[in-house]
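Every chain is numbered from 1 and lettered A, B, ... according to where its sequence line falls, protein lines coming before strand lines.
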Protein chains: 2
Amino acid sequence: MSVTDVTLDPDVSGCHHYTRAMVRWEPGTAARLYEAALELFATRGFEQTTAAEIAAAVGVTERTFFRHFADKREVLFGGQRMLVEAFLAGVDAAPGDAAPLQVVASALRSAAEAFPDERRSHSRKRQTVIDRNPALQERERHKLAGLAATLGEALRARGVAEPAATLAAQSAMSVFGIAFAQWISAGEERSMGEIAADVLRELSVVTSAG
Amino acid sequence: MSVTDVTLDPDVSGCHHYTRAMVRWEPGTAARLYEAALELFATRGFEQTTAAEIAAAVGVTERTFFRHFADKREVLFGGQRMLVEAFLAGVDAAPGDAAPLQVVASALRSAAEAFPDERRSHSRKRQTVIDRNPALQERERHKLAGLAATLGEALRARGVAEPAATLAAQSAMSVFGIAFAQWISAGEERSMGEIAADVLRELSVVTSAG
DNA sequence: GTCTATAGTGCGATAGAC
DNA sequence: GTCTATCGCACTATAGAC
């Protein structure tokens, strides 16, 4: 039972060799960590992959991994910044006198451009990893909620009052989430833009008082 | 400090199936851990409070804490079960031929009953703790997302098709969240039920096409 | 009830870029 | 000299296994 044979000693190999003599670190470390993490998560599972393994796969230490990402989950969500910017660009593109729903429609059209058909396969792989782990689902919801908050802020900046701004922003996220799930579902061939527009129309029908 | 100002969720864990003769420790351990945790989180902060400290505050071991709650955050979210049941009861209370939006309205009325005015002060305190910690916000969103999924399932069971069922369920959660935030905001005196009804009406206005 | 692995932090040192 | 990315190491807390 004794586990005294723990050869945890991290530095038995002595000094670290830098094969590229003059270059201590390659650029794009975060991006390479993302690629390695997605690959390891997909094959081995999220829980079964340690931060140290991901780091080792790209030739850095565990400590460096945590300098790039606040926690292990975060490695999969760095790209969300582009999505936020796409939504905001869509808000800006809407005419100044557009109703909140029209602004949302414009934001969704802009966001959909970040999901061209070539990316569908990669998105499916990433989502498979997320769908298999509750902790990753939590983080995804957190990111989407942050995006909704940012969208709501942009609407208020255009003069939309509360609670309309928050309702419109959260409705946009619901539509986006449902459309994305449909976009990556098996056999689906319509573009993200087409699907999102359809779901948005359905929202109007469902919520119309009558 | 006193146990009398708590109208809190009795039986947080829902696992008290033994008879008095079998009781070796005080019953309601989960509920007392919840109280102690809320107090410590409020004064010291979530991160700065260890599970061992919460356990010590009610006279049990750290190991016991983790038998009651899967992780440290979970101690604040055990009571959500009642909320789920309130929503589902509201769905069941709606007439069989009601439109999705009417079913949602019924669910919101039922859920609002779980937030009587006497509880407003306690809800404010709990929310202050959650608002100060991202990890707790993530867990809250996870719980609410689970509730949305359950609601969507209940709607599909009534024959509502996709994506209408998911849209209606997520809209219900948006309305609930916005109404709750308003209910606990400073100076607010309207009941949760009144506020939720108003926000739901506003949703219809915002999402109406045209 | 004890023991262990993993997540995640704090800090001083180092190497290259500016 | 400063700035930034990195290493290396000691450390705590969580969570789960035995």
*Taking only the side-chain heavy atoms of B:R63 (C-beta and beyond), determine which of C:dG1, D:dT14, C:dT9 contains the nearest atom.*
C:dG1

*Check whether any side-chain N or O of A:H68 sits under 4.0 Å from OP1 or OP2 of D:dT6, and answer yes or no.*
yes

*What is the distance, rounded to the nearest whole Å, between atom CZ of A:F46 and atom C1' of C:dA7?*
10 Å

*Starting from C1' on D:dA13, measure out to CG on B:L40 and report it in whole angstrom.*
16 Å

*In whole Å, what is the span from the CZ atom of A:F69 to the P atom of C:dT6?*
21 Å

*Can a donor-acceptor pair be found between the side chains of A:T166 and A:E162 at a distance below 3.5 Å?*
yes

_Gap separating the CZ atom of A:F41 from the NZ atom of A:K125, nearest 0.5 angstrom_ = 12.5 Å

*What does A:A70 touch in the nucleic acid at a heavy-atom separation under 4.0 angstrom: a base, only the sugar-phosphate, or nothing?*
sugar-phosphate

*Does a distance-only test, which skips hydrogens and angles, find a donor-acceptor pair under 3.5 Å between the side chain of A:R67 and the base of C:dG8?*
no

*May I have the distance from A:R73 (atom CZ) to C:dT6 (atom C1'), rounded to whole angstrom?*
14 Å

*Interatomic distance, A:E47 CD vs D:dA17 C1' [rounded to whole Å]*: 15 Å

*Of the nucleotides C:dG8, D:dG8, D:dT14, which one has an atom closest to the side chain of B:E62?*
D:dT14

*Nearest to the side chain of A:T50 - C:dA7, D:dT14, D:dG8?*
C:dA7

*Once you round it to whole Å, what is the distance between P of D:dA5 and CZ of A:F65?*
17 Å

_Do B:S185 and B:E188 pair up side chain to side chain, a donor and an acceptor below 3.5 Å, judged on atom types alone?_
no

*Spacing between B:K72 atom NZ and D:dT12 atom P, to the nearest angstrom*: 16 Å

*Using 30° and 60° as the class limits, which term best fits the ring planes of B:F180 and B:F115: parallel, tilted or perpendicular?*
perpendicular

*Between the side chains of A:Q137 and B:E138, does any donor sit under 3.5 Å from an acceptor?*
no

*Measure from CZ on B:F66 to P on C:dC3 and round the result to the nearest Å.*
18 Å

*For B:A51, answer base if it contacts any base atom (sugar-phosphate contacts may also be present), sugar-phosphate if it contacts only those atoms, and nothing otherwise; contact means non-hydrogen atoms under 4.0 Å.*
sugar-phosphate

*With a non-hydrogen cut-off below 4.0 angstrom, is A:T49 in contact with a base, only sugar-phosphate, or nothing?*
sugar-phosphate

